[in-house]
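Quick notes on the structure that follows.
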Amino acid sequence: MRILGINALFHDPAAALLIDGRTVVAAEEERFSRRKHGKRPVPFAAWELPEKAAAWCLTRAGLRPQDLDAVTYSYDPRLARPAQDMGLDDPWDHLRQTYAREAPGFLRAALPGLDPGIVRFVPHHMAHAASGAFAAPDAGDSSVLVLDGRGERASHLAARRVGDRLEPLYAQELPHSLGLVYEELTEHLGFLRSSDEFKVMALASHGTPRMLSELRRHVHPTGDGGFRATGVPWHELCPPRGPDEPWTREHADVAASAQAVLEETLLDLARWLHGRTHDSTLTLAGGVALNCVANSRIAREGPFSRVWVQPAAGDAGTALGGALLLAAAEGEEPEPMPGADLGRDWSDAELGAWLKTAGVPFERPTDIAATVARSLADNDIVAWFQGRSEYGPRALGHRSLLAHPGHAGNLERLNDVKGREQFRPVAPMVLADRAGEIFDGPLPSPYMLFVHDVAPEWRERIPAVVHVDGTARIQTVDAVREPLVARVLGAFEELTGLPVVVNTSLNTAGRPMVDDPRDALECFGSSPVDLLAIGPYAVRRQDLFGTGDEGAAR
């Protein structure tokens, strides 16, 4: 079957294409539209579809809309209840439900030639669950936990994969929602709700959880697979912070307290689920699963011997999950996702043509990996644009900013380049077979979804990637799967003695990750980056703004 998966209703609209159970492509609309998260998660935007991402998925596979056997939409309005009946203050939610019911017609308009009769509504949390249970490698019979802000009428699902079936075990109904509680705090702390929750997690490391006992009154597990999470009086715990105001110790402490109560509740849910299934593997999905600190605690203290997290754990991942769920239901064995690099790419000739059209000086060195390693050793910042773009919010060695980890000032330098808060950390890349020497935590960690303790003897050697609490959110690199990145790491170690390179996303604050060559050139031209490594080509800042030798390869 040829199945196009669509996520559209709340945020992070995305499309994914499965052919005979195999993931072919997946992409988020924000990478095409250049609007962060694709749109804001308000009812008035619920009709917007990932038109550009869906059209690209079909084009990449050489298909027309009429060639599809099915389209999944990762929300089932038939399961929803009026917002007020669920205890939610969302007076326009009925508009969201109307738009969801009309999705087949909207899809027909967006993809001319599509038969709206092939559109299938998939329950939101089942789509999330499938994106974990069916996409994980070597999962087999396994447990799955989904936690986010909300779906049709719940905010959580505990389920089990048995063969190619997903069996729901427990769902926490609204208004209780760990995701919504964390969103409320994000807004209270002056960050953008349903966007900047990761900033709260980073800020938490700067505080102490001295408000934990008060938060436990409002957020706690119930012991039966569910939890209570609503009505937190944030204004009583600390004053709100304006978006442009400095954060205080109080703000950091309330963030630390919220992070701690989240972790406690997730651990209880994991233990309850294991008590029901006795599985060795747990997969995680839903926006809460992007909380890498909580994931690490589940892996470290929880009962499962293996924890795998969907790299596109937020709503974007439900595009893939909905398609996987339908494929399994139709008798096709869903294959694990091959990796997160499921988006657009360009040939060397196409990239060269882009550079010539842009009129920038560039060269084609003998080995771009060696050139980048030398530049990094000289303490340059490198924009790295290689291969297919990533599905999900993490830069994983395809659309990255790279830097030397041995200079503590590079953290501030990168945050200045990206225009973001100085309390936020950057991440290290390391070869998978070297990671255990330096980092203590779940290994391998190819998707930056866990935090690891940095060995004490390494903290002064790679200070740029060590967070204030002595941890780092690492990406391990498989030399077989990512040979070019592995060559950079190897060459950099030969030059510096350090087997680690800083890796953060190739974008600036408030903008989506760079996706196509134009994005890369615009980001490079507007920020103080020293080298752009785009395919086999190198563009140097000093040449671009110094020599004027425009438009010719050297």
Side-chain angles (χ1 to χ4, degrees), residues 28-38 52 191-192 195-196 198-199 243-244 343-346 350-363 368 371-372 375-376 378-387 389-390 393-404 407 409-422 424-427 464 501-553:
E28 294 162 78
E29 187 72 2
E30 69 163 22
R31 310 296 168 83
F32 299 82
S33 70
R34 309 310 299 161
R35 294 169 60 194
K36 187 71 171 175
H37 297 295
K52 293 181 173 64
F191 305 122
L192 183 60
S195 175
D196 292 348
F198 59 93
K199 296 182 183 180
D244 298 320
R344 291 190 285 179
D345 63 349
W346 284 263
E350 288 171 327
L351 292 174
W354 271 92
L355 295 173
K356 290 177 182 177
T357 298
V360 299
F362 65 94
E363 61 184 290
I368 191 65
T371 296
V372 166
S375 189
L376 292 171
D378 291 340
N379 204 27
D380 288 343
I381 293 178
V382 176
W384 177 258
F385 184 104
Q386 304 291 336
S389 59
E390 298 93 339
R394 305 283 190 250
L396 300 168
H398 294 254
R399 303 290 188 271
S400 295
L401 282 170
L402 308 179
H404 195 307
H407 303 290
N410 278 345
L411 172 59
E412 181 176 353
R413 189 176 167 205
L414 282 166
N415 281 334
D416 284 343
V417 166
K418 291 168 69 72
R420 65 183 204 173
E421 300 87 353
Q422 288 298 340
R424 292 172 55 188
V426 291
V501 166
V502 177
N503 172 26
T504 188
S505 56
L506 181 52
N507 66 329
T508 53
R511 293 181 173 87
M513 206 184 307
V514 159
D515 197 79
D516 74 10
R518 183 186 302 277
D519 304 334
L521 287 164
E522 289 178 350
C523 185
F524 176 68
S526 64
S527 56
V529 174
D530 300 293
L531 177 72
L532 168 63
I534 181 166
Y537 307 107
V539 183
R540 300 181 187 276
R541 190 168 197 82
Q542 63 185 22
D543 294 343
L544 181 60
F545 294 105
T547 65
D549 297 333
E550 298 182 356

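For the single chain, residues carry numbers from 1 onward in sequence order.
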Backbone N or O of [Y] within a donor-acceptor pair of the [X] side chain at under 3.5 Å?
| X | Y | result |
| --- | --- | --- |
| Trp346 | Asp516 | no |
| Asp519 | Met513 | no |
| Ser375 | Thr371 | no |
| Glu29 | Lys52 | yes |
| Glu390 | His398 | yes |
| Arg34 | Pro512 | yes |
| Ser527 | Val417 | no |
| Asn415 | Arg424 | yes |
| Arg399 | Leu506 | no |

Testing the basics here: between [X] and [Y], what is the closest heavy-atom pair and its distance to 0.1 Å?
| X | Y | result |
| --- | --- | --- |
| Ser505 | Asn507 | OG-OD1, 2.7 Å |
| Ala403 | Asn410 | CB-ND2, 4.4 Å |
| Asp515 | Ser389 | OD1-OG, 2.9 Å |
| Ile368 | Ala538 | CD1-CB, 4.0 Å |
| Asn503 | Gly397 | ND2-N, 4.0 Å |
| His407 | Asn379 | CD2-OD1, 3.2 Å |

Atom pair [atom1] ([X]) and [atom2] ([Y]), whose distance is rounded to the nearest 0.5 Å:
| X | Y | atom1 | atom2 | value |
| --- | --- | --- | --- | --- |
| Glu30 | Arg511 | CD | CZ | 13.0 Å |
| Ile534 | Phe524 | CD1 | CZ | 10.0 Å |
| Glu28 | Ser33 | CD | OG | 10.5 Å |
| Leu531 | Ile381 | CG | CD1 | 11.5 Å |

**Message:** For a side chain to side chain contact (heavy atoms under 4.5 Å, CB included) check, start with the C-alpha distance between Leu351 and Phe385, then their side-chain angles and the critical distance, and finish with the verdict.
**Reply:** CA-CA 10 Å; Leu351 292 174; Phe385 184 104; 4.1 Å; yes
**Message:** With side chain to side chain contact (heavy atoms under 4.5 Å, CB included) as the criterion, how do Thr504 and Arg420 come out once you've worked through the C-alpha distance, each side chain's angles and the decisive distance to 0.1 Å?
**Reply:** CA-CA 12 Å; Thr504 188; Arg420 65 183 204 173; 4.0 Å; yes
**Prompt:** Applying the salt bridge (Lys or Arg N to Asp or Glu O under 4.0 Å) test to Asp530, which of Arg413, Arg540, Arg541 qualifies?
**Reply:**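 Of Arg413, Arg540, Arg541, salt bridge (Lys or Arg N to Asp or Glu O under 4.0 Å) with Asp530 is met by Arg413 alone.
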**Message:** Tell me whether the rings of Phe362 and Tyr537 are parallel (<30°), tilted (30 to 60°) or perpendicular (>60°).
**Reply:**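 Answer is perpendicular, since the angle exceeds 60°.
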**Prompt:** Step by step, would you call Gln422 with Asp416 a side-chain hydrogen bond (donor to acceptor under 3.5 Å, both in side chains)?
**Reply:** CA-CA 8 Å; Gln422 288 298 340; Asp416 284 343; 2.9 Å; yes
**Message:** Is there a side chain to side chain contact (heavy atoms under 4.5 Å, CB included) between Leu521 and Leu355? Walk through the geometry before answering.
**Reply:** CA-CA 9 Å; Leu521 287 164; Leu355 295 173; 3.9 Å; yes
